[in-house]
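Whatever order the structure lists ligands and atoms in, that order sets their numbers, starting from 1. This chain uses plain numbering: 1 for the first residue, then up along the sequence. On a predicted model such as this, the values are computed, not experimentally measured, just so you know.
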Amino acid sequence: MDLSNGSPVITDPMAMGQPLMGVLPSNMMPFSVMPGSYSSPAGAGLNVSRRKIEEVLVNGLLEAMKSSSPRKKHNLVFGQENLPEEDPAYTAWTATTCPSALASFKQIVAGAQGKKIAVFLDYDGTLSPIVDDPDKAVMSPVMRAAVRNVAKHFPAAIVSGRSRKKVLEFVKLKELCYAGSHGMDIMTSSANYEHNTEKAKEANLFQPAREFLPMIDEVSKSLLEVTSGIEGASIENNKFCVSVHYRNVDEKDWELVARLVNEVLEAFPGLKVTNGRMVLEVRPVIDWDKGKAVEFLLQSLGLSDSENVIPIYIGDDRTDEDAFKVLRERNCGYGILVSQVTEFLNSLVRWKKHSV
Ligand SMILES: O=P(O)(O)OC[C@H]1O[C@H](O[C@H]2O[C@H](CO)[C@@H](O)[C@H](O)[C@H]2O)[C@H](O)[C@@H](O)[C@@H]1O
């Protein structure tokens with residue numbers, strides 16, 4: 001199988017399962033609605049048409065919530081027990097489109113001889129298992145050691161939907177770059193960050209959605225208020241985007257969640273909704289995503305020479321598709337769907353140690 005086109009590969013098809021519907025082939029984009037972006041038809045039918053449009057938007061959101069969340073719980077610890085039940089469509093897709101990254105490891109590193117590898121890692125579902133409480137999605141010491149080792153040998157970055165601060169608290173490693181808020185908050189160097197002057201900190205930061213900060217705070221408060229009566233719903237302010245979690249909400253209330261999110265967003269035409277794994281992500285309508293963040297990081301780390309640099313991106317969610325797409329378009333590197341991440345990272349380090 002030709003691995004040179006940036007298509008996603010998986011680290012072990014048998015251990016796959018956790019990301020399941022969170023990952024789609026790279027040509028499928030995350031669901032997105034922009035409630036403020038439709039224009040209301042003028043005239044007498046305005047209210048009826050508007051209501052119809054609202055219904056379409058709510059139903060669209062609800063469908064996206066259902067399709068991205070076929071299973072309530074899958075606390076798979078990578079490559080270990082608790083494999084969720086098989087999804088025939090997903091299994092067929094991975095079997096035909098995703099070669100195993102571990103089985104293809106030799107081929108990957110053979111193509112990397114004499115070139116520089118850069119490693120990009122998603123956080124939730126990739127470095128940490130998916131759990132019911134987002135505040136408890138901690139990384140295991142084994143995974144942390146693997147990531148630390150990788151960062152010692154390769155330029156490496158975490159690219160997450162979480163706030164940059166939160167993901168740094170989870171990962172606790174200074175050796176990497178961090179891109180939080182789905183790439184809208186990039187810090188190109190975290191070493192000694194807290195000891196830096198404000199000016200030095202600014203120089204390391206790239207925040208393309210900075211002007212949306214007040215709007216995000218406002219929408220976060222509104223979402224918190226309107227969802228406070230829904231059992232299990234929770235709101236996570238990720239600085240430049242907001243997560244509306246419905247993992248712990250009874251399915252009968254999902255429509256209400258969709259309706260309330262849609263209603264709140266009517267007042268914020270500058271924001272849109274995408275969906276992740278049992279989460280609705282409210283984010284600015286700007287042309288920026290994890291893929292753009294990877295491009296930015298490659299550029300600012302002096303790694304934009306696609307002839308000599310092999311970017312490897314490991315992710316599990318729909319938002320990671322944007323990064324896979326960038327690698328495919330650059331015709332370089334590998335997008336890897338998550339499963340045995342530690343094993344893959346450790347193999348990479350072993351290879352690097354033996355190849356120098
Ligand atoms: O880009 P990522 O690092 O993958 O972040 C995406 C979202 O991840 C988190 O939510 C997901 O993981 C939670 C903990 O396991 C789980 O409870 C939730 O259902 C998942 O959607 C995070 O809480 C979100 O803010 C991130 O946007």
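Those atoms of ligand 1 that come under 4.0 Å of a heavy atom in Lys290, given as number and element, are 1 (O), 2 (P). Distances below 4.0 Å separate heavy atoms of Asp132 from the following atoms of ligand 1: 17 (O). Close approach of ligand 1 to Asn238 (heavy-atom distance below 4.0 Å) involves ligand atoms 25 (O), 27 (O). Listed by number with element, the atoms of ligand 1 under 4.0 Å from a non-hydrogen atom of Pro129 are 15 (O). When each atom of ligand 1 is checked for a heavy atom of Gly161 under 4.0 Å away, the hits are 1 (O), 2 (P), 3 (O), 5 (O), 27 (O). Counting atoms of ligand 1 from 1 in the listed order, those under 4.0 Å from a heavy atom of Ala137 are 14 (C), 15 (O). Contact atoms of ligand 1 toward Tyr123: 3 (O) (distance under 4.0 Å to a heavy atom of the residue). Within ligand 1, counting atoms from 1 as listed, the ones closer than 4.0 Å to a heavy atom of Val279 are 21 (O).
Considering Glu281, Arg318, Arg283 only, the shortest heavy-atom separation from atom 7 (C) of ligand 1 involves Glu281. Scanning Ala323, Gly183, Gly125, Ser243 for the heavy atom closest to atom 24 (C) of ligand 1 points to Ser243.
For Phe240 and Phe212, the gap between ring centers reaches or exceeds 6.0 Å.
Of the protein's non-hydrogen atoms, Ile130 CD1, 4.0 Å is the one closest to atom 11 (C) of ligand 1. In terms of protein heavy atoms, atom 17 (O) of ligand 1 is closest to Val131 O, 2.5 Å. Nearest protein heavy-atom contact of atom 10 (O) of ligand 1 is His245 CE1, 3.6 Å. Annotation: atom 4 (O) of ligand 1 to nearest protein heavy atom, Asp122 OD1, 2.7 Å. Closest to atom 21 (O) of ligand 1 among all protein heavy atoms lies Arg277 O, 2.5 Å.
In the model, Asp217 has a side-chain atom that pairs as donor or acceptor with a side-chain atom of Asn237 under 3.5 Å. Side chain to side chain, Asp122 and Thr126 meet the donor-acceptor criterion of an N or O pair below 3.5 Å.
Closest heavy-atom contact between Val279 and Tyr246: N-CE2, 3.2 Å.
Between Glu55 and Arg259, at least one side-chain nitrogen of the basic residue sits less than 4.0 Å from a carboxylate oxygen of the acidic one, meeting the salt-bridge criterion. Salt bridge annotation for Glu321-Lys325: absent, with no cationic side-chain nitrogen under 4.0 angstrom from a carboxylate oxygen. Note on Lys290 versus Asp322: no salt bridge recorded, every NZ/NE/NH1/NH2 to OD/OE distance being 4.0 Å or above.
The aromatic rings of Tyr313 and Phe120 sit parallel, their planes meeting at an angle under 30°, below the 60° perpendicular limit.
Counting non-hydrogen atoms of other residues, nucleotides and ligands closer than 6.0 Å to CD of Glu225 gives a total of 12 or fewer.
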